[in-house]
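Below, chains carry the letters A, B, ... as their sequence lines are ordered, and counting in each starts from 1. Worth saying up front: this structure is predicted, and the values here are computed from it rather than measured.
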2 protein chains.
Amino acid sequence: MSRFQDIFLDIESDILNQQYKAGELLPSENQLSKKYNVSRETIRKALGLLLESGYISKKQGKGSIVLDVKRFNFPISGLTSYKELQDSQNISSETILVKNEIITIPEHIADFLKVSTDTEVHCIIRARKVDGEVVILDKDYLFTSVIPDVPDSEARHSLYHYIENKLNLIIGFARKEFIVEPATQEDRELMTLHNDTHVVVTRSEVHLEDATLFQYTESRHRLDKFRFVEFARRRGPVNYT
Amino acid sequence: MSRFQDIFLDIESDILNQQYKAGELLPSENQLSKKYNVSRETIRKALGLLLESGYISKKQGKGSIVLDVKRFNFPISGLTSYKELQDSQNISSETILVKNEIITIPEHIADFLKVSTDTEVHCIIRARKVDGEVVILDKDYLFTSVIPDVPDSEARHSLYHYIENKLNLIIGFARKEFIVEPATQEDRELMTLHNDTHVVVTRSEVHLEDATLFQYTESRHRLDKFRFVEFARRRGPVNYT
DNA sequence: CCGGATTTGTACGTATGTATG
DNA sequence: CCATACATACGTACAAATCCG
C-alpha cells in the first residue's frame, strides 16, 4: 500500500474517532507533512482522497474543513455490489441462486451492448431475500470469453469477489443507468411484489481496466426497498455533451 | 484558468473530434509533456480530469486508453441543475414559477436538516413542462441568512446561475438521495400524472465550499420521465461505514 | 485599507518503483 | 533482460486566497 493511502486511512480513522471534529480545520498541509515525515505532495494526495470520499472540504487560503461524516457519508455510489453493500450495512439477508447456465446472449442485450448476437455468456439470476421477502432480482450476464467458468458456490457468494480475488481481474469502470419500469411477469413470479405495478431497474455495463466489456447487469428492485445516495462535488456548470 | 485545465479541455476536444479514437492509446505522458511544454505532473493532472470524466482509462505500464465517449459520457451525475441539463441536452421545455416567497422552514425539513424550526427560507416551487405536460416539480428552500433575495426573474431562469454568477458564492458539495414515494395530493394537482401512484423523489442538501448549508431541494419526477445515468470507477471493495 | 503571515493551488524537475510487452 | 509507460515520492518556487493586526 502506498504512503498516501496509509495516511488517508489514518486521517480517516481520526475523523471517524472524532480526533478531528466536524466543523474544525485539519492541521495545515505543512504541519501534516511534518507529522507524517512526508513531502507536502504526498499529504495533498491523501487529502485528495478524503475530499473525494466526502470527509473534508478544502478552501484556498483557509484550510481543510472536516465534514459531518454521520450526515454525509452513506454513499451507495460507485461500483458497489450487493454483497459488499450488505456487509457494510449489516443487513441480514439470503441469496437464492435461481439460474446459472451458459447461453447465447439475448438479442435485446446484444443490441444494447452493440456486440455480436452469437456471443456466449453465463446467465446468472439471483433473488435477494430480506425479512422473508424477495425484494431484489439480480440478472448478470458474464462473457465466457473473459470469464470461462462460474461455480455455483461463487455465484451464491459474490461475483465481484470471485472476479477480483480468485481470477485476479481488475474491474475498471461501468456505465450505470437507473429507471423505473413496469413489472414483468418474471418479476411477479420471482419477487414478492404485493400490488406494485413498477420496479426500479438499474442496468450497468462493466469493463475491465483495459476497457474490455465483460459483464452486463440488470438489478430489479421493489420500489419501497430502493434507495440511492450519493455525495457529489460541484465542478462548475455542466459540460457533458 | 490553470494550465492543466487548459490541457484537459484541449485533449477532451481532441477525443470528441476523434483526433484520438476510441480504443487507441493516448500519447505517453512524456510525449504529451513535450507537446505542451509542461512537466509530466501537469499532464498527469490533466489526465486525472479525463479519467474522472470518463474519457480515458489508465493502466500502469501500458498507457491511457481512449473510451467510447458516445457510449459512456452521459453522466447526469454530480451537482447538475435542471436548467443545465436542459441546455446540455437541447430539450425544449418551459418552467412555471408556482411559488416564490419567504416562510419559516417546514418542520419535517428542519428535522431532516437538523436546523432550528424558526429558520427563514425562500420557498420556491417550479413546475417543469415538457411537450405540454408537467413532468417535474422542483421545490427549493434557500436559507435567507445566506441568500437574502431571490427575484422571480432569476427563479424562472436558473438558481445555480444566480447563486454562482450573480452572488458569486461557490457551491461546494451536496448529499443527494433518490427514492420512490407515493404521489401526494400536491403532486396530483401540479403535475400531469395520469394514473401513476408513485413519483421518483430526489432530495439534496447543498453546501457552500466552507461547508455552510444553504439549500434543501426536493425534485419530484414522473416515473416515466426519470432517468439517472452515472459513470462509476471501481475503487476496491467498499469501505463506507 | 494596507501589509505580512499563513494556507492552499499550481508548476517544475528529479529520482525510484512497478507493470507491460 | 530490457525498454517503455505509468505510479509514487521528495523538494523547491511562486501564485492566490484568507486572516489578522
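- A straight line from CG of A:Leu26 to P of C:dT7 spans 12 Å, rounded to a whole angstrom.
- In this structure a side-chain-to-backbone donor-acceptor pair under 3.5 Å is present from B:Ser53 to B:Leu49.
- When the C1' atom of C:dT8 is taken as reference, atom CD1 of A:Ile56 falls 11 Å away, rounded to whole Å.
- A donor-acceptor pair is defined here as one N or O able to donate and one able to accept, closer than 3.5 Å; such a pair exists between the side chain of A:Asn100 and the backbone of A:Val150.
- In this entry the distance linking CG of B:Leu32 with C1' of D:dT4 reads 15 Å, nearest Å.
- Taking atom NZ of A:Lys58 as the reference point, atom P of C:dT6 lies 19 Å away to the nearest angstrom.
- The distance between atom CG of A:Asp210 and atom P of C:dA19, rounded to the nearest whole Å, is 16 Å.
- Residue A:Arg44 places no side-chain N or O under 4.0 Å from the OP1 or OP2 atom of C:dT8.
- Atom-to-atom, CD1 of B:Ile43 to C1' of C:dC12 comes out at 13 Å; the value is rounded to the nearest Å.
- Mapping A:Glu29 and B:Phe4 onto DNA chain C by nearest heavy atom places A:Glu29 closer to the 5' end of the strand.
- As rounded to whole Å, 18 Å separates atom P of C:dA19 from atom CG of A:Leu208.
- Counting to the nearest Å, the C1' atom of C:dA11 and the CE atom of B:Met1 are 17 Å from each other.
- Rounding to the nearest 0.5 Å places CD1 of A:Ile56 at 4.5 Å from CG of A:Leu47.
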- Do nucleotides 10-21 of chain D as a string where each nucleotide becomes B, S or -: B if the base has a protein heavy atom under 4.0 Å, S if just the sugar-phosphate does, - if no protein is that close. B--B--BBBS--
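- Note: B:Phe178 and A:Phe226 fail the aromatic proximity criterion, with ring centroids not under 6.0 Å apart.
- Checked against a 6.0 Å centroid threshold, the rings of A:Tyr216 and A:Phe112 count as neighbours.
- Side chain of A:Glu154 to main chain of A:Pro151: no donor-acceptor pair is present (N/O by atom type, distance under 3.5 Å, no hydrogens or angles).
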